[in-house]
K.L.:
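Here it is, the structure, as structure tokens.
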Protein chains: 2
Amino acid sequence: MGADPVARKMGFRTIKQEVLNRIRNGIWPPDTLLPSEAELADEFSTTRTTVNRALRELAEEGYLDRRRKAGTRVQRTPIRHARLAIPQAEDEVAASGQPYRYALIRREARPAPDWLAAKLSLSAAQQSVIHVRAMHYAGSTPFQFEDRWIVENSVPQAASEGFDRISPGSWLIREVPFSNAEVSFSATAADMEISSFLEVDVGDPLFLVERITWLEGNPVTFVRLFHGKGYKMKTVY
Amino acid sequence: MGADPVARKMGFRTIKQEVLNRIRNGIWPPDTLLPSEAELADEFSTTRTTVNRALRELAEEGYLDRRRKAGTRVQRTPIRHARLAIPQAEDEVAASGQPYRYALIRREARPAPDWLAAKLSLSAAQQSVIHVRAMHYAGSTPFQFEDRWIVENSVPQAASEGFDRISPGSWLIREVPFSNAEVSFSATAADMEISSFLEVDVGDPLFLVERITWLEGNPVTFVRLFHGKGYKMKTVY
DNA sequence: CAGTGGTCTAGACCACATG
DNA sequence: ATGTGGTCTAGACCACTGT
């Protein structure tokens, strides 16, 4: 065997695959120090640029750990990441082929409650918030109950928006498209109000998505999205 | 104004930022066709390689849509993706600083029930499965109830593993580290058995992770992970 | 067919972390 | 101090796809 007699096209994809194979076959067990980029480039008869891209992507995908001077090592436990889309209710319903409908329940401007001020670390100037509750439907079926708080100081335009035709989510994505967010997923029990809107029994388990959004360090919005019975968030990795 | 008088270091990061700014400021509204890589390279006094990396990453992050010949366009609705790690219970507990404990409840080899055979599209040779139920604890607190099915034909080594000292999850990651998976997250109600193990009331909402794993097209395992009260899966994006 | 992105080459300089 | 990855340059050929 030895070197491949008919060297195949050595693209960065081929190199990624070959490196994965060597890890998989135990040639490079976890924690192994890989040869340097220069050495690999030589072995694969290619340039360091190409090797770099292959290794950089593998590191991004969780298989390798790279550090300057220290070199490239095989991760002890490959940390796999699922990539999951966080779609708007509207898009999610539309993707299922059902007609989407939005309905505002209530919109009110008011001072931020203490728990919200604490949760978002609101400054004195950010104490004025807008509370919006709304429903999203897939056809005639309740899809999602939205309970949202918007920091007026961070998005002044919200003061003049009634949210009776457009959902706060869609509106925000248009007004503040580039933001950072912290999301959490959990299970919770339906309270009386939510159960009536989602048409489930009180106490029924609901899939809950909570998200805090910032724009350049300023808190923009906190939202709780309660999903109807049977909802599953799926992904592949 | 016009051209920047003191041109700053034009790395691919700077270009990414500048492109994002132009989208954000409405200079390049959604659906806009961006200048070609060559033109941008010229504008930023850099090479096409650098521009390519900037745009490629922005496309990967969901901001741009790139097609040969068609060019690069601004996404209508930026599709944001959250990257979330799918850790082993053991790692998750350890990360919280609490002592981890594993306890096997039952392990039994048996023919696959019909629903499982259907769910995994099991062939005739894959009808023999191992059913494992186990608990994961954080200190003395129940953390996770694991209900797992392993296809014996796909992982023959499982036949001689008792799973009384090592959890099926940890064992599988060692034996079959490179697999594809389909994951779903949902909320469910605790049944009598699970509620007793997780020390919650029957009917209480539980966060449920379900995962099907394949190795080169062959079904390896199906697992349901029921998480204790108050569990939240968090991520940032 | 022609224009665009996709990728590779060959070489260089630099930042950084480790020894 | 030195080796490694991080990044950039300048140029080239190719693959795909819209016109």
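A, B, ... follow the sequence lines: proteins, then strands. Residue 1 opens every chain.
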K.L.:
Quick one: which residue pairs count as a ring pair (Phe, Tyr, Trp, His ring centres under 6.0 Å) with a foot in residues 55-85 of chain A, not counting sequence neighbours?
P.N.:
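Sorted result for residues 55-85 of chain A: A:Y63-B:F178.
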
K.L.:
Separation of B:L55 atom CG from C:dT7 atom P, in whole Å?
P.N.:
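After rounding, the reported distance stands at 14 Å.
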
K.L.:
Send over the distance from A:R53 CZ to C:dG5 C1', rounded to a whole Å.
P.N.:
12 Å

K.L.:
Show every donor-acceptor pair shorter than 3.5 Å between a side-chain atom in residues 138-145 of chain A and any protein atom, with sequence neighbours excluded, or say none if there are none.
P.N.:
from   : atom 1 : to     : atom 2 : distance (Å)
A:Q144 : NE2    : A:H227 : NE2    : 2.9

K.L.:
Please name all residues satisfying side chain to side chain contact (heavy atoms under 4.5 Å, CB included) with B:E18, sequence neighbours left out, ordered by chain then number.
P.N.:
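If we apply the side chain to side chain contact (heavy atoms under 4.5 Å, CB included) test to B:E18, skipping adjacent residues, the hits are B:N21, B:R22, B:F44.
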
K.L.:
Please name all residues satisfying side chain to side chain contact (heavy atoms under 4.5 Å, CB included) with A:A103, sequence neighbours left out, ordered by chain then number.
P.N.:
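Per chain and number, A:A103 pairs via side chain to side chain contact (heavy atoms under 4.5 Å, CB included) with A:R101, A:Y137.
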
K.L.:
Indicate whether OP1 or OP2 belonging to D:dG11 is found under 4.0 Å from a side-chain N or O atom of B:T47.
P.N.:
no

K.L.:
Could you tell me the separation between the CG atom of B:L40 and the C1' atom of D:dC8, rounded to a whole number of Å?
P.N.:
17 Å

K.L.:
Grab the CD-P distance between A:E60 and D:dG5 for me, whole Å please.
P.N.:
16 Å

K.L.:
Write out a two-atom table: protein N or O, nucleotide N or O from nucleotides 2-4 of chain D, distance below 3.5 Å.
P.N.:
from  : atom 1 : to    : atom 2 : distance (Å)
D:dG3 : O4'    : A:K69 : NZ     : 3.3
D:dT4 : O2     : A:K69 : N      : 3.4

K.L.:
Under 4.0 Å between a side-chain nitrogen and a carboxylate oxygen: does that hold for B:R66 and B:E37?
P.N.:
yes

K.L.:
What's B:T49 touching, base or sugar-phosphate or nothing? Going by heavy atoms closer than 4.0 Å.
P.N.:
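Here B:T49 touches the bases of the nucleic acid.
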
K.L.:
May I have the distance from B:F44 (atom CZ) to D:dA10 (atom P), rounded to whole angstrom?
P.N.:
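For the pair B:F44 CZ and D:dA10 P, the rounded distance is 17 Å.
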
K.L.:
Would you kindly give the CG-to-C1' distance between B:N52 and D:dG11, to the nearest whole Å?
P.N.:
14 Å

K.L.:
Excluding sequence neighbours, so at least two apart, what forms salt bridge (charged side-chain N to carboxylate O under 4.0 Å, His left out) with A:E146?
P.N.:
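With sequence neighbours excluded, A:E146 shows a salt bridge (charged side-chain N to carboxylate O under 4.0 Å, His left out) to A:R148, given in chain and number order.
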
K.L.:
Rounded off to whole Å, could you give me the CZ-to-P distance for the A:R73 and D:dG5 pair?
P.N.:
11 Å

K.L.:
Measure CD/A:E57 against C1'/D:dG6 and give the value in whole Å, please.
P.N.:
15 Å

